[in-house]
Amino acid sequence: MAKHLGAVDTASDELSYFDCAYEAGKAGSLRGRMAADTAEIINCGQLKVFARAAGVRKPEISTCLRLLKNQGRIDFTTNSEGEPVEVEVYIFSSKDAIETTARIFGVSDATDEERGSIVTLEETFHLPLTKQEMLSNLHRAGCDDESAEFSVELQVALRLVKSSDVGGKTLYFNEYAFADDPMKVVRAFASMNPELLRNIRDVQDMLKAQPGYPLESLKRSFPHHALEAMEGIGLIDVMPVRSPNGIAMYVTIPQLRGVAIGEPFLSADVFHKAKTLLNCLRYGQFNSRPGRGKIVDDAMLRAIVAKLVRGEELAPSTAAAEDYRVLEKDGVIETREDAGTMRIMKLRQLEVGRIVLQMLDHNAALPEADYGPLTDLGVASFDRDIPEVSRSAILAHKSKEVIEAHNLMLQAVRTGGRSQ
């Protein structure tokens with residue numbers, strides 16, 4: 001919200017209703033720029049650079065630092081004029097930065113309209129809503145009738161959400177939330193019956209809880225036409241994972257990529273690599289067998305990603321030799337030989353693993369501007385995960401010659417071009 005409000009003319013009177021969200025967002029963004037693996041001291045010059053990158057103006061720096069200090073995340077010294085001189089940043093993670101932002105807003109003196117808008121912005125980020133649905137969500141958040149109506153008016157006036165009249169009804173939506181044309185989604189929603197809409201919401205809830213969910217499991221739980229409709233209008237992404245152990249399809253929602261307003265966004269190639277790593281891990285959870293490196297539950301999956309992000313190697317497994325080949329060929333991971341058919345795996349591109357942690361912890365990757373320089377990891381060499389590609393991936397037949405060529409490429413990656 002803070003990024004979007006930052007693009008609004010500062011003379012707009014409506015901005016005064018969102019002061020707390022704006023300040024919390026700015027403080028969190030500055031905190032993210034000051035990220036460090038160990039406690040460190042940031043001088044005045046560095047602070048100004050970080051503030052400029054975070055969109056924090058000079059008069060706002062002291063306010064942001066005070067809010068972060070109140071949460072116990074930093075400390076700072078000032079000169080005789082009260083201007084910050086040095087900032088001590090305590091060890092923290094990107095997860096902590098997001099949670100700190102939420103805590104700052106939580107203890108603020110936010111208006112009812114402001115707190116209610118957080119609720120409806122979250123809802124419209126995933127699906128279009130009617131005005132009645134917007135008002136119902138605001139009522140559940142504690143807004144009275146007058147505050148709820150005014151909150152909707154403010155969100156439209158500030159373009160936090162857009163509205164469109166389709167099929168005789170007005171729908172409110174987030175124009176940055178969908179991989180495809182958002183109006184395509186809005187028009188489709190206007191013609192859907194209540195049962196189909198309910199199925200779509202249930203599928204999204206499941207995918208928010210477990211991104212990278214197996215397509216076959218979804219098909220057993222929901223009508224096929226609901227999944228087809230979601231894929232057709234870009235509400236889900238389906239990606240295949242191929243292994244000598246078999247092929248399986250995994251599903252995510254486009255909102256997993258997050259959203260950025262007016263700033264560089266997470267590279268599509270980097271995001272694709274992160275989603276591929278997530279889905280390969282899901283393969284180990286849902287399609288692997290004990291004895292070849294099976295992942296038993298979500299907690300184990302997250303622990304594995306955290307270990308990879310720390311630069312550590314995983315225990316030897318057959319899965320490491322077979323299930324991550326596309327990532328190995330693309331340089332995201334590397335493996336080395338162990339006994340028999342097993343290999344030992346580690347992550348080469350740690351940034352990709354960090355994005356997967358964001359997906360698991362927050363159901364969204366952070367924009368590039370809040371995460372660091374992630375666009376220098378190279379171009380992905382595998383199929384894009386758009387619906388048309390994923391459908392053809394199921395039908396495509398790989399000849400013996402193609403399989404042998406892929407194996408030769410993998411051999412070259414693992415040996416550095418040397419013969420074994």
Side-chain angles (χ1 to χ4, degrees), residues 1 3-5 7-8 14 18 21 113-141 143 145 147-209 211 213 218 222-223 225-238 251-261 265 362-365 386-387:
M1 183 189 287
K3 287 181 181 178
H4 206 146
L5 293 175
V8 177
E14 293 87 354
F18 293 93
E113 292 83 3
E114 194 170 12
R115 294 189 184 278
S117 295
I118 299 294
V119 176
T120 51
L121 284 174
E122 169 66 18
E123 294 296 325
T124 55
F125 183 59
H126 292 283
L127 294 171
L129 298 177
T130 64
K131 184 174 183 178
Q132 187 55 51
E133 288 171 329
M134 291 266 282
L135 295 175
S136 296
N137 289 333
L138 289 165
H139 289 149
R140 284 195 295 272
C143 288
D145 290 347
S147 295
E149 288 279 356
F150 188 44
S151 180
V152 173
E153 291 178 12
L154 282 174
Q155 290 176 62
V156 174
L158 295 173
R159 298 181 67 82
L160 296 175
V161 297
K162 292 188 71 174
S163 64
S164 180
D165 294 323
V166 183
K169 67 171 69 170
T170 302
L171 291 173
Y172 297 81
F173 62 98
N174 185 322
E175 62 183 314
Y176 302 98
F178 306 105
D180 207 342
D181 176 9
M183 284 307 302
K184 178 181 177 181
V185 179
V186 173
R187 287 191 293 268
F189 255 69
S191 62
M192 290 181 182
N193 61 56
E195 182 181 1
L196 179 56
L197 289 174
R198 186 166 52 253
N199 283 326
I200 288 175
R201 294 181 193 280
D202 289 343
V203 171
Q204 279 205 326
D205 286 342
M206 182 169 288
L207 295 177
K208 283 189 283 183
Y213 200 78
L218 286 176
F222 298 98
H225 72 274
L227 297 173
E228 290 172 354
M230 294 182 75
E231 187 175 13
I233 60 177
L235 287 178
I236 58 174
D237 297 327
V238 183
V251 187
T252 56
I253 52 178
Q255 291 83 0
L256 196 62
R257 191 181 173 192
V259 64
I261 309 295
F265 195 49
H362 302 291
N363 307 119
I386 56 176

Side chain to side chain contact (heavy atoms under 4.5 Å, CB included) between R140 and S136, worked out = CA-CA 6 Å; R140 284 195 295 272; S136 296; 4.0 Å; yes
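- A donor-acceptor contact under 3.5 angstrom links the side chains of D145 and H139, judged on distance only.
- Salt bridge status for E123 with R201: absent, with no side-chain N to carboxylate O gap under 4.0 Å.
- No side-chain heavy atom of L227 sits less than 4.5 Å from a side-chain heavy atom of V238.
- Heavy atoms only, all atoms of each residue included: S151 and G116 are closest at OG-C, 4.4 Å.
- T124 approaches Y172 most closely through the heavy-atom pair CG2-O, 3.9 Å.
- Atom CZ in F189 sits 8.5 Å away from atom CG in L171 (nearest 0.5 Å).
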Could you go through the side chain to side chain contact (heavy atoms under 4.5 Å, CB included) check for D237 and L256 one step at a time?
-> CA-CA 10 Å; D237 297 327; L256 196 62; over 6 Å; no
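- Atoms CD1 and CZ, on I118 and F18 in that order, are 8.5 Å from each other to the nearest 0.5 Å.
- When all heavy atoms are compared, the tightest approach of M134 to T120 is O-CG2, 3.7 Å.
- Nearest heavy atoms, M183 versus S164: CE-OG, 3.2 Å.
- E114 places a side-chain N or O within 3.5 Å of a backbone atom of A21 that can act as its donor or acceptor partner.
- Under the side-chain contact (heavy atoms from CB on, under 4.5 Å) rule, M230 has a single partner from V185, L218, I236, which is I236.
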Start with the C-alpha gap between L127 and L235, add the side-chain angles, then the distance that decides, and say whether side chain to side chain contact (heavy atoms under 4.5 Å, CB included) holds.
-> CA-CA 9 Å; L127 294 171; L235 287 178; 4.0 Å; yes
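- L138 approaches A148 most closely through the heavy-atom pair CD1-O, 3.3 Å.
- With K131 contributing its side chain and E149 its backbone, the two residues share no donor-acceptor pair below 3.5 Å.
- Within the 4.5 Å cutoff, the side chain of L154 has no heavy atoms near those of the S117 side chain.
- Atom CG of N137 sits about 11.0 Å away from atom CG of L121, to the nearest 0.5 Å.
- Counting all heavy atoms, side chain and backbone alike, T252 lies closest to P211 at CG2-C, 4.3 Å.
- Separation of atoms NZ (K162) and CG (N174) is listed at 10.5 Å; rounding is to 0.5 Å.
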Side chain to side chain contact (heavy atoms under 4.5 Å, CB included) assessment of I200 paired with M192 = CA-CA 10 Å; I200 288 175; M192 290 181 182; 3.5 Å; yes
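- Looking only at side-chain heavy atoms (C-beta outward), L196 and H225 come within less than 4.5 Å of each other.
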